[in-house]
Number of protein chains: 2
Amino acid sequence: MPATPRHTSRARVEAKESSILNAAEKTFAEVGFDGAKVSDIARAASVAEGTVYLYYKNKQDLLAGVVGRFWTQLTQGAEAAIQPEATTREQLEQLGRYHLNSILEQFEVVSLTYRARPQQEQDLDQVREYVRVFDRIMQRGVDRDELPKHTPIGQLRDVFFGTLEFSARTLKLRERPYDHSVVTNLLAIMVGSSSPTPSSAKDKEPSNRDLMNTLKSIQKQLKVADNSSSNKSS
Amino acid sequence: MPATPRHTSRARVEAKESSILNAAEKTFAEVGFDGAKVSDIARAASVAEGTVYLYYKNKQDLLAGVVGRFWTQLTQGAEAAIQPEATTREQLEQLGRYHLNSILEQFEVVSLTYRARPQQEQDLDQVREYVRVFDRIMQRGVDRDELPKHTPIGQLRDVFFGTLEFSARTLKLRERPYDHSVVTNLLAIMVGSSSPTPSSAKDKEPSNRDLMNTLKSIQKQLKVADNSSSNKSS
DNA sequence: CCGTATACTGAGTTAAATTCATTTTAAATG
DNA sequence: CATTTAAAATGAATTTAACTCAGTATACGG
């Protein structure tokens, strides 16, 4: 009885909450937001209709719950998918693949995001959180000089996610599966390097990073061998 | 019967149809699709509620009407905004500016597009039509050798529109006005050339090309000054 | 002017979201 | 344990808004 009064119920409550969320996600994904009846969701969650409203203010709020959880999980997955010691370029590739693959697999849920309250609102805090994964990678890239200083991270973020999302829609529309080359080509134009695989070309070519590294090591050598002259990089 | 029974009424009918569409667009833009009551739209159009349903099967269909008209008009505007004799690069810039500016100005209507029936359906034929404007520019660019043969037009289309749409959202979110540089930077990475104006910083900064040149000249120096020792960067 | 087809109207129907008085279950108390 | 009390759950009743349709108004050819 005593001991963990709150904890016990807390666990139960959370289990129920999550069961409602699962039922809602499934139903929304199957028949869309408008097509889904709260009564159906309640039934799927083995709960009375009124109970749903104990956990969520209304249907919109339930949608926000589903969508929010999705993005939170996406953030976790993304962090797991990125190797901390990899180069910026590699990390971007990892994030890009992970992102494209995820939104293709859960296309319906992603689409629901647009039914959640338009801009503003902290409804989509989780999306903002997710996006920071990208920002961190880029910032680290800049700090490590793998990317030019004052790289317009914010703008590249829109390039990155905008392109991947539209590409995903295109793939879905044409009923094509996940395609790796989308990410490769995107990075090619975003970060430079490796040929923009027009369709499926394969040849190598010095990347920006490679150049930068080579340059640095050479500069180091130069500095050692000869230190009498110009310093510009401040 | 004879004469122009259909034509006379056709004109009137179209006038009314367009008046309903205007009322719907205004109302949707103000309170959103869900927030809009058909009865309000009817009142705004000075028409009985039932009349709306003579022109549109249901509320969704009305939305499709609003959204479809928007994209049709956008296509017309885009075609007008593009100079037929300009270079591909210039045309892309014209389309990009026009697009970004338009979707910023009519952000609410663009958002409504996502409420229209998800993928499939020929509901969004007008969007597909609009997108062809881009394809034509690119194809012409290829035909004229202003762009490499087998340029992946389809993928660049997603880069182009995806980036601009996400950029527009970002601008809206931050309550910033139309910003020309978004288009400039986008084209810089898409087509190359003219420096990618980082954010607003004006100072120069090593580009890939610069690095490559510097590297080459340094290597040349090295080769001249000392040619006996280690080479690691392969 | 009349007849008829066409356009329009808005009260009535219906479906689904949301509420809330009541019941059930769980925890605490003695 | 039996009892009290608080929390959680229920589902019938309410509300809201989309959609229908029987009836009315309008226009137009003859």
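So you know, we letter chains A, B, ... as the sequences are listed, proteins then strands, and number each from 1.
- Proximity note for A:Y53 (side chain, C-beta onward) versus D:dA8, C:dT18, C:dA16: the nearest is C:dT18.
- When distances run from any side-chain atom of B:K16 to the nucleotides D:dC19, C:dT18, C:dC8, the shortest one goes to C:dC8.
- For the pair B:K59 NZ and D:dA17 C1', the computed distance is 8 Å after rounding to whole Å.
- The separation between A:E49 atom CD and D:dA9 atom C1' is 13 Å, rounded to whole Å.
- A cation-pi arrangement is absent between A:R157 and A:F160 under the rule of less than 6.0 angstrom and at most 45 degrees off the ring axis.
- Put simply, B:S39 has no side-chain N or O that comes within less than 4.0 Å of OP1 or OP2 on D:dA17.
- Nearest to the side chain of B:V38, among D:dA9, C:dA16, D:dA18, sits D:dA18.
- Nearest-nucleotide positions on DNA chain C place A:D34 closer to the 5' end than the other of A:D34 and A:T51.
- Every pair passing salt bridge (charged side-chain N to carboxylate O under 4.0 Å, His left out) that includes a residue from residues 16-25 of chain B is listed here, sequence neighbours excluded: B:E25-B:R69.
- Ion pairing of B:D125 with B:R128 is present here, as a side-chain N (NZ or NE/NH1/NH2) and a carboxylate O approach within less than 4.0 Å.
- For the pair A:K57 and C:dA17, the criterion of a side-chain N or O lying under 4.0 Å from OP1 or OP2 is not met.
- Among the protein residues, B:A36 comes within range of the sugar-phosphate backbone only, with heavy atoms under 4.0 Å from sugar or phosphate atoms but none that close to a base.
- The side chain of B:A48 lies closest to C:dT9, out of C:dT18, D:dG11, C:dT9.
- Across all strands shown, B:Y55 has heavy atoms under 4.0 Å from sugar-phosphate atoms exclusively, and none from any base.
- The existence of a salt bridge linking A:R132 and A:D135 is excluded, since no basic side-chain nitrogen approaches an acidic carboxylate oxygen closer than 4.0 Å.
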